[in-house]
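What you see is a predicted model; the values in this text were computed from it and never measured.
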Amino acid sequence: MQKRKRNQHGYSVYLCIAFMLILGAMFTACVEEQQLTEQIQETTDETDQESAEPAVALPGLPEYVAGYDTWLKLNSEPIPPVPGGDPHNGTKNVFVNKDRETIAPDGEQQFPYPDGSIVVKEATRPGKDYIGLIAIMRKVEGSDPDHNDWEFIEYTRNEQEADFTVLASGRICWNCHSRVEDMDYVFTELD
């Protein structure tokens, strides 16, 4: 009887040791898996940073609009051409280099735009499948106090591979935009 208790006790110790070894192995595997996951994530992050190329402006456009299509888009849906006349003829999207909280701190857009704001309107011309027009408004303190310091310039191209060239600037632009002076000269409000 005593021998049997010793065997059972020995067996229990054996089971306890085996259980502890299994738990230890599982814990080590979890820790190693977590470390491996962290190493993979670090490597992925480094690779993403290395492979992420800096934004480059479309050919012929100023560098200060590079990556504009990643900025806050003011319109939620593309803006169709205006029937009967549209100076920026085409289907348009409008972007600004400020975040939503900056231009609409309480959920409602505030005017005027802050100094340093850049608004970019891109247009795909009717019957085309590439951006053929870029209109830029850039607010530079002291540049044009009569028009809230906005600089206006419009670029166009007739082929997808062509460089953009200046079509209009200054007075031609602000004559039209003066109709929305109360919205700081910007036709498109934040949706």
Side-chain angles (χ1 to χ4, degrees), residues 51-105 107-191:
S51 65
E53 295 181 27
V56 176
L58 293 170
L61 297 180
E63 283 302 314
Y64 62 79
V65 297
Y68 75 85
D69 56 344
T70 64
W71 299 351
L72 175 64
K73 188 161 71 164
L74 295 177
N75 54 297
S76 57
E77 296 292 325
I79 303 165
V82 177
D86 185 348
H88 300 155
N89 187 28
T91 302
K92 298 164 285 294
N93 287 300
V94 183
F95 304 86
V96 64
N97 69 334
K98 303 296 179 190
D99 61 27
R100 185 174 288 278
E101 184 59 33
T102 299
I103 65 171
E108 188 173 324
Q109 188 168 0
Q110 305 294 306
F111 299 105
Y113 281 83
D115 287 332
S117 295
I118 302 171
V119 177
V120 175
K121 178 186 285 182
E122 64 176 23
T124 302
R125 302 297 198 170
K128 306 289 183 182
D129 63 353
Y130 62 90
I131 297 166
L133 174 136
I134 297 287
I136 302 168
M137 295 176 64
R138 183 169 79 151
K139 189 170 264 205
V140 179
E141 186 176 2
S143 66
D144 186 355
D146 291 338
H147 302 101
N148 286 358
D149 288 329
W150 285 111
E151 295 176 342
F152 295 85
I153 191 161
E154 182 177 325
Y155 296 84
T156 61
R157 64 180 176 180
N158 292 322
E159 297 175 5
Q160 186 169 3
E161 302 305 319
D163 285 5
F164 282 91
T165 58
V166 175
L167 176 68
S169 65
R171 170 176 264 170
I172 292 170
C173 302
W174 56 255
N175 275 341
C176 182
H177 282 259
S178 65
R179 295 183 296 178
V180 288
E181 184 177 358
D182 61 328
M183 293 174 21
D184 199 20
Y185 295 88
V186 180
F187 277 94
T188 306
E189 290 185 77
L190 179 64
D191 282 342

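Separating the CD1 atom in Ile172 from the CG atom in Leu167 is a distance of 7.5 Å, to the nearest 0.5 Å. Remark: Met137 CE to Phe152 CZ distance equals 3.5 Å, nearest 0.5 Å. One finds the CG atom of Leu133 at 11.5 Å from the OH atom of Tyr155 (value rounded to the nearest 0.5 Å). The CZ atom of Arg125 sits 9.0 Å away from atom NZ of Lys92, with the distance rounded to the nearest 0.5 Å. Atom-to-atom distance recorded for Glu154:CD and Ile134:CD1 is 10.0 Å, nearest 0.5 angstrom.
Here the side chain of Asp149 pairs a donor or acceptor atom with the backbone of Asp144 at under 3.5 angstrom. The backbone N or O of Asp184 lies less than 3.5 Å from no partner atom in the side chain of Asn148, so there is not a single donor-acceptor pair. Remark: the backbone N or O of His88 is not paired with any side-chain donor or acceptor of Lys121 at under 3.5 angstrom. Gln109 contributes a side-chain N or O that, together with a main-chain N or O of Leu190, makes up a donor-acceptor pair within less than 3.5 Å.
Between Phe164 and Ile131 the shortest side-chain heavy-atom distance falls below 4.5 Å. Under the 4.5 Å side-chain criterion, counting only non-hydrogen atoms from C-beta, His177 is not in contact with His147. Tyr68 has its side chain within reach of Glu122: a pair of non-hydrogen atoms, C-beta onward, lies under 4.5 Å apart. For the pair Ile153 and Cys173, the minimum side-chain heavy-atom distance is 4.5 Å or more. Looking only at side-chain heavy atoms (C-beta outward), Val65 and Ile136 come within less than 4.5 Å of each other. With a 4.5 Å cut-off on side-chain heavy atoms, Pro112 and Lys139 count as touching. A heavy-atom distance below 4.5 Å is not found between the side chains of Phe187 and Val94. Side-chain contact between Ile103 and Leu74 is present, with heavy atoms from C-beta onward closer than 4.5 Å.
Of all non-hydrogen atoms in Asn97 and Trp71, the two that sit nearest each other are N-CE3, 3.4 Å.
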Would Leu72 and Asp99 count as a side-chain contact (heavy atoms from CB on, under 4.5 Å) here? Give the steps. CA-CA 6 Å; Leu72 175 64; Asp99 61 27; 5.7 Å; no
Is there a side-chain contact (heavy atoms from CB on, under 4.5 Å) between Asn93 and Asn75 once you walk through the steps? CA-CA 6 Å; Asn93 287 300; Asn75 54 297; 2.9 Å; yes
Working for side-chain contact (heavy atoms from CB on, under 4.5 Å), residues Tyr113 and Val96: CA-CA 10 Å; Tyr113 281 83; Val96 64; 3.9 Å; yes
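The side-chain hydrogen bond (donor to acceptor under 3.5 Å, both in side chains) pairs that include a residue from residues 158-176 number zero, where partners must be two or more places apart or lie in different chains.
No more than 12 heavy atoms of other residues, nucleotides or ligands sit less than 6.0 Å from atom NZ of Lys128. With a 6.0 Å radius and a threshold of 12 heavy atoms from other residues, nucleotides or ligands, Glu63 has its CD atom above the threshold.
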